[in-house]
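A quick write-up on the structure given underneath.
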Amino acid sequence: MPTGGADFERRRPAQATPDEPGARAAATPRLAPDQAALDRAREFRAIRESLRNASTLSQEPAIPYSVRTNADPSPTTPRPAAHRATRVRLDSPAARGPSAATGSEPEPLATPPDQARRPTPAVPPKPATRVIADLARKSARPGAGAVPPTTAGLGGAASEPAAGSDLPAVLPKTNASFRLPQEDGPTGQAEAIGTAPPLSSLATRGATGSVASLAPLDDSPLAEPEPPESRPWVPAPQDPPAVRASRSRAARVPFLARLERFSDLSRDRTPLSVMEQLRVPMPSDRLVGWIVTVVITALAFFLRCYKIGFPSTIMFDETYYAKDGFSVWQYGYEGLWTDPDGDPGPQPNLAFSEGDTSYLTSAGRWASHPPLGSWLIGAGMKLFGVNSFGWRFAALVFGTLLVFVTIRLARRLSRSTLIGGLAGFLLAVDGMAFVMSRIALLDIFQAFFIVAAVSCIIADRDFFRNKLADHLATLPGETLGGRAGPFIFRPWLLAAGLLFGLACGTKWNSMYPLAVFGVVAVVWSLTARHLAGAGRRMWWSLIKDGLQAFVTLVVVAVVTYLAVWIPWLRATGGYGRDWGLQNPDSWVTRTFGEAIAGLYRWHWITYDFHTGDGMAHETHTYQSNPWLWLVDGRTTGIYADNGINPGVDGCQAAADSSCLRVITATGTPLLWWAVAIALVAALVWWLAGMDWRFGVAVLGYGSTWLPWLFVGTRPIFSFYTITMIPFGCIALAMALGVLLGPRLAGPRRQIGAIIVGVIVALIVLDFALMYPVYTGGLLTRQQYYWRMWLPGWI
């Protein structure tokens, strides 16, 4: 006990009675009058009476309670429990008498006889959280900050105490959970989640760092202060070893609960009710969320639209897909383009660039992918004519929509408009997404359909859990009680199946994310029912939810994929379309008819092309290893105009040099390198931290990348990564959210904001530096080589 401290304790001296104030004064060493100590004693008298009348606090065990701040602004009433009174001890300079400094004998704080047994006034019950806050505030020194709530950001970071406060940043953890009001942080949570200790162990720090504790007391009136040396300080009682051992055994988590936490729960380990775990509200700033989405999407559109018609000639694989886009709208299938001599050659490309389509014939041409992408490219030409803007317009629209759905997916995952907007902004300034939005290839359509389908899967997770919570609200105890629970129709899965079918109708490898997220949707359903109290009956989810997921995802995707082929089936001149007529004895023709037999033949030929020996030994200048995609180690040349002499087209190169214009499909380097680091961190936060949100980003990235590791030696190209980078931007945005920290984190938030701002600014500057390489800007050779940082970029 520090010298000069005064100890206020609630006990009755053995030799004194309430009717004998003189005896009480004689039995107690006299102290000098101290008005501050008297005022503090009266304050704690009022606190004691409030605690006694509330009848809501007990010493052991701690009572779970939750103060709601969103939908239900009123605090949840704690369960009644027998309570014990408390003894309040305080060490503080304001409560100490002058005896330590002057050596004088202290005067007693006498209690008037008429107030010794005054009836306790009726005081309305006080919520437990208000009592804790009052005690902490009254025991702190003047000017100290209030007890800061324990906040959980995206990464579970705790807030720091307010400036000048000696209070602990995190209260001791017990079985009690609570929520305190908080502004929306990077996770969008409108509530701060933390834990409160039993009042028997609550401790706060006073002005000198000494401890004020709550301990059991009797019902005697407030006693006078005694010198510190009269009673030693006694710490709050601890649980017996047997109790602690039993709690340790009870804390062991069974396998199914670990599976549930692995797949469903976030990093926040604060115990919450089942209803609170099932209902995770979206951010309350809905209007702001839509404004942010529209503004960033518009920014992406104008970035991509500027000079999209340059060059006006066919670039790279536009020689296939742009002309096929025009053909399918003419005949319903891909026609063959030939020169005047009847042989394919460069002449059709030059004529097509000028709007001349006379080289198109009705003979069917084999295409290596399903026709949906060609239909979308052709739609642009139906609107704007046969020109470079027309055949690139569809890519522009879907590349912009890709930014839109990325923002909405990231916002739903993180429950933060800030992180959602950050993910979309990063994608808007990614070089690969930028270039692929300005060229008539199929991959940008595939990327949009995949990300939109995954967004529907995540929306279905929220929809299913909310519906399950609605059902629990009608049951006694808000639990399934060992029952499997109701069948819930899930329209978001139906939408996801439709979008996955469209993705497969663009490129076949979209079936991999379909399979991965189909399994994930079933696992989420199973663990949600287990959380709701289904017990062993949760395995019925494999029938109730698994069969529905199979029908709405797989069956609907197959039906949608086949619907893409309806124009081809109705025509007669497509490649292989007449195979059924030429092979009437085939089992396919006899079983399904000649049209389906022709479609079967096309799929057989195409599958053999992609997986057979024909492509296994082919090579290409721009083929790349999928391992290099993680760090943007290899690029794809889209367009090049080399050898522009000085003085021509504004070239200002030296006399012995020249200028060039190139368009290269490559990511923004700093963005991709940051994404590679963020994916490693996301994998750790998902597997070790059991945060399912990072798992979505990892699974989305992995399901579109890992299959390319097993294609063998056939040529593959880096622009296939357009389906991966949206999930990479989401992983990076959420990682930056963890780095940023909670909004109420004080200096830690400021440091995080500076770091995040620097990272984003460097990415934007890198995009600006590489912009001429993405758009075919005029560069001298020296300027070009300044931008080619790695050997694989040339």
Side-chain angles (χ1 to χ4, degrees), residues 153-156 186-187 262-263 266-267 402-403 405-407 409-414 416 419-420 422-433 447 450-451 454-455 457-458 509 512-513 516-517 520 624-634 666-710 716 718-740 752 755-756 759-760 762-763 766-767 790 792:
L154 186 60
T187 60
F262 176 81
S263 61
S266 66
R267 290 175 55 86
L402 180 61
V403 175
V405 295
T406 300
I407 296 173
L409 173 57
R411 183 177 183 269
R412 180 174 289 276
L413 275 178
S414 63
S416 170
I419 292 179
L422 182 58
F425 180 77
L426 292 174
L427 185 62
V429 296
D430 171 60
M432 182 65 73
I450 290 176
V451 176
V454 173
S455 299
I457 295 289
I458 306 304
N509 58 324
Y512 295 111
V516 169
F517 283 97
V520 168
S624 60
N625 189 318
W627 288 106
L628 296 177
W629 298 352
L630 299 177
V631 293
D632 196 25
R634 183 62 173 151
T666 181
T668 303
L670 294 183
L671 172 62
W672 281 52
W673 298 340
V675 165
I677 298 173
L679 285 171
V680 175
L683 186 63
V684 173
W685 283 323
W686 175 39
L687 299 180
M690 295 185 181
D691 192 328
W692 68 273
R693 298 169 294 179
F694 289 99
V696 172
V698 172
L699 290 175
Y701 194 96
S703 62
T704 54
W705 170 63
L706 290 175
W708 293 110
L709 298 177
F710 305 98
I716 54 178
S718 62
F719 65 84
Y720 298 163
T721 56
I722 186 58
T723 58
M724 300 158 43
I725 193 58
F727 298 103
C729 289
I730 292 173
L732 178 57
M734 292 196 296
L736 292 178
V738 175
L739 186 60
L740 182 63
I755 297 175
V756 171
I759 292 174
V760 175
L762 289 176
I763 291 173
D766 191 22
F767 174 77
L790 299 180

Distance (rounded to the nearest 0.5 Å) between [X] [atom1] and [Y] [atom2]:
| X | Y | atom1 | atom2 | value |
| --- | --- | --- | --- | --- |
| Leu699 | Trp692 | CG | CH2 | 11.5 Å |
| Leu413 | Arg693 | CG | CZ | 8.5 Å |
| Ile730 | Leu426 | CD1 | CG | 10.5 Å |

Would you say the rings of Trp708 and Trp627 are close, in the sense that their centroids are separated by under 6.0 Å? no
If you take all heavy atoms of [X] and [Y], which pair is closest and at what distance?
| X | Y | value |
| --- | --- | --- |
| Leu427 | Ile725 | CD1-CG2, 3.9 Å |
| Asp632 | Gly667 | OD2-O, 3.2 Å |
| Cys729 | Val675 | N-CG2, 4.4 Å |
| Arg634 | Gly792 | NH1-O, 2.7 Å |
| Val760 | Leu422 | CG2-CD1, 3.8 Å |
| Ala731 | Leu679 | CB-CD2, 3.9 Å |

Would you say that [X] contacts [Y] through its side chain, given a criterion of any heavy-atom pair below 4.5 Å between the two side chains?
| X | Y | answer |
| --- | --- | --- |
| Val696 | Phe517 | yes |
| Phe694 | Leu683 | no |
| Pro726 | Leu402 | yes |
| Trp672 | Met432 | yes |
| Leu671 | Leu732 | yes |
| Thr406 | Phe425 | no |

Has the side chain of Ser414 got a donor or acceptor atom that lies under 3.5 Å from a matching backbone atom of Met734? no
Are Val738 and Trp685 close enough, and set up right, to give a side-chain contact (heavy atoms from CB on, under 4.5 Å), and what steps lead you there? CA-CA 10 Å; Val738 175; Trp685 283 323; 3.9 Å; yes
Going through the distances and angles, do Trp673 and Asp766 end up as a side-chain contact (heavy atoms from CB on, under 4.5 Å)? CA-CA 12 Å; Trp673 298 340; Asp766 191 22; over 6 Å; no
Residue pair Trp705, Leu630: steps toward the side-chain contact (heavy atoms from CB on, under 4.5 Å) verdict: CA-CA 9 Å; Trp705 170 63; Leu630 299 177; 3.8 Å; yes
Out of the candidates Ile457, Thr723, Val451, Ile450, only one should pair with Pro513 under the side-chain contact (heavy atoms from CB on, under 4.5 Å) rule; please name it. Ile450
Run the side-chain contact (heavy atoms from CB on, under 4.5 Å) test on Thr721 and Tyr701 for me, step by step, so that the C-alpha distance in whole Å, both residues' side-chain angles and the decisive distance to 0.1 Å come before the verdict. CA-CA 9 Å; Thr721 56; Tyr701 194 96; over 6 Å; no
